[in-house]
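The structure appears right after this line, and notes come after that.
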2 protein chains.
Amino acid sequence: MFRRNPSLTEQVKSHLKERIINAEFEEGRIPSETRLANELGVSRNTIRDAFSRLEIEGVIFRKQGVGTFVNEANLLVKTRLEEIVPYETLIREHGYTPSVALVEVEERRIEPELARCLNLKSGETVLAVQKLFLADGQPVIATWTYLPKRLIKRPYLDADLQAPVYQFLPEFCRQTLAYYLTDIVPIIAPAWLVERLALRSKPPTALLSFEEIGHNQDHEPVMKAVSYFRDDLLRLRLMRRYSL
Amino acid sequence: MFRRNPSLTEQVKSHLKERIINAEFEEGRIPSETRLANELGVSRNTIRDAFSRLEIEGVIFRKQGVGTFVNEANLLVKTRLEEIVPYETLIREHGYTPSVALVEVEERRIEPELARCLNLKSGETVLAVQKLFLADGQPVIATWTYLPKRLIKRPYLDADLQAPVYQFLPEFCRQTLAYYLTDIVPIIAPAWLVERLALRSKPPTALLSFEEIGHNQDHEPVMKAVSYFRDDLLRLRLMRRYSL
DNA sequence: CAGTGGTCTAGACCACGGG
DNA sequence: CCGTGGTCTAGACCACTGG
């Protein structure tokens, strides 16, 4: 039934996810682990691994002695903050058509606070990139990305900067982005943001921002990103559970 | 070496966590899975299960072909939003001594929006409870909890309401809180909050709030909670990763 | 090449929930 | 009681990394 690579577990997982999305399971009840193992021709452990991942994602839940079920509540959750997801995907999952605009690219002498975050010396320069993400043409997320000039190993075009950072970094800096450490910070929208995000409610307006330090696989900080969200259009919603 | 119950996996996990906290592993390198399995007298799968959970929590990371390591970066992260944690614990992990004050308890005729969230009829009443959490005596989190009167099966004292909701619900309502669906919303602090949280910066001040609908194990909404955070004292910081 | 983590199997027993 | 998910084992092979 399945090949190897991607792993059996991963194939079983996406197979089940598809059937869940197509609402193929009556009353949200998923067949038992033993039965699925027989049907799909894999061991029960493989089924369990796939179930575990789906459970972590919130797609299903299990009740000992009863069965495994589709988690309908999860359909309301469009965001999984623990995972890095391109903003285009986030926008699409909220039901809009995403697009990106490169607003501004400039080199800057580094500021002390940034130097501290990225372990840089005070003389260095960074590339500061401002992008704007739109949902159905409406601006919803504004981002600033700060990349130390020193890391850039190959010449690039502005168009290259329009791609997500996690694509730019390996290609032009020989760095792989492993994770962000993210601070969630509420702010009062400054004038330039009111304009950029076309905020219409009368000021002051509160906004969510993410302040993120991106780290490579050696746990060294390689970049900083700050994002501002229009929370009226893109609601950050998540599921919080006991224990898992 | 270990008894059953709690599960071997859980015991191995906390055993390792302790050794990690005590910095017993040189250069953050954790012994190989096979070696740990022999040392602790359990199967390699059990070690792997424990490792997986620690990896999800961000405590360790693994590199295929290399080894398993302590994740130092994780020490900066005090919050795991995906999990429900008592605010007292959150405050303690930020290095303060927590305390709670019950500010106000009142019964209210239900508002239309709340009725919709909790699947209530318009005639019903809810118990509205305001609490204030303090860190070293300073107010840092203000919460409102809304509980349908109808659910409360036993008489209670105000003191009972000072305990976390997930303790009150099973005891007085025969309900178990399974998860929250949480919206993260930035707001401008209204006057009562400026006073309650003793905000000193000149207004307007931006604040983070959580709007949460608590669900029981049958996925029915049973309560609503709104929390307001002083983000200057309690920073919401999290680790965002690729894929896991 | 040797050693590490990643995947998978087959089989065993336990704990829980419902009829 | 039976069927469910929860835990655990022993052993196999693969994929990757570093010397």
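The analysis underlying the following values was restricted to heavy atoms, covering all of them including side chains, and did not include hydrogens, waters or symmetry mates.
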Could you tell me how far apart B:Asn38 (CG) and D:dT9 (P) are, to the nearest whole angstrom?
12 Å
Rounding to 10°, can you tell me the angle the first-five-pair axis of the helix from C:dC1-D:dG18 to C:dG18-D:dC1 makes with its last-five-pair axis?
10°
Please report the distance, rounded to the nearest Å, between CG in A:Leu36 and P in C:dT9.
14 Å
For residues 210-227 of chain A, which residue pairs pass the side chain to side chain donor-acceptor pair (under 3.5 Å) check, not counting sequence neighbours?
A:Tyr87-A:Ser227, A:Gln175-A:Asn216, A:Tyr179-A:His219, A:Thr182-A:Glu212, A:Glu212-B:Arg240, A:Asn216-A:Glu220
Expressed in angstrom and rounded to an integer, what is the separation of A:Ile47 atom CD1 from C:dG11 atom C1'?
16 Å
Tell me the interatomic distance from B:Leu8, atom CG, to C:dA15, atom C1', rounded to whole angstroms.
15 Å
Non-neighbouring partners of B:Phe25 that pass ring pair (Phe, Tyr, Trp, His ring centres under 6.0 Å), sequence neighbours left out:
none
Going by side-chain contact (heavy atoms from CB on, under 4.5 Å), name the residues that satisfy it together with A:Ala163, two or more places apart in sequence or in a different chain.
A:Gln167
With a 4.0 Å limit, can you tell me whether A:Thr46 has a side-chain N or O closer than that to the phosphate oxygens OP1/OP2 of C:dT9?
yes
Residues forming a side-chain hydrogen bond (donor to acceptor under 3.5 Å, both in side chains) with A:Asp183, sequence neighbours excluded:
B:Arg235, B:Arg237
Identify, with sequence neighbours excluded, every residue that meets salt bridge (charged side-chain N to carboxylate O under 4.0 Å, His left out) alongside B:Arg108.
B:Glu106
Could you tell me if the side chain of B:Val126 sits less than 4.5 Å from the side chain of B:Leu120, heavy atoms only?
yes
Residue B:Asn45, side-chain heavy atoms: nucleotide from D:dC8, C:dA10, D:dT9 that is nearest
D:dT9
Is the phosphate of D:dC8, meaning OP1 or OP2, less than 4.0 Å from a side-chain N or O of B:Thr9?
yes
Holding to side-chain contact (heavy atoms from CB on, under 4.5 Å), I want the full list of residues that pass it with B:Ser52, two or more places apart in sequence or in another chain.
B:Arg62
Provide, to the nearest angstrom, the distance between the CD atom belonging to B:Glu10 and the P atom belonging to C:dA15.
16 Å
Suppose the criterion is ring-ring contact (aromatic ring centres under 6.0 Å, His included): which pairs have a residue in residues 63-84 of chain B, not counting sequence neighbours?
B:Phe61-B:Phe69
Just the table, please: protein N/O against nucleotides 4-6 of chain C N/O, every pair under 3.5 Å.
unit_1: C:dT4; atom_1: O2; unit_2: B:Gly65; atom_2: N; d: 3.3
unit_1: C:dG5; atom_1: OP1; unit_2: B:Thr68; atom_2: OG1; d: 3.0
unit_1: C:dG5; atom_1: OP2; unit_2: B:Glu33; atom_2: N; d: 2.9
unit_1: C:dG6; atom_1: OP2; unit_2: B:Arg48; atom_2: NH1; d: 2.9
unit_1: C:dG6; atom_1: OP2; unit_2: B:Arg48; atom_2: NH2; d: 3.3
unit_1: C:dG6; atom_1: N7; unit_2: B:Arg44; atom_2: NH2; d: 2.7
unit_1: C:dG6; atom_1: O6; unit_2: B:Arg44; atom_2: NH1; d: 3.0

Is it the case that over 12 heavy atoms from other parts of the model lie below 6.0 angstrom from the CZ atom of B:Arg19?
yes
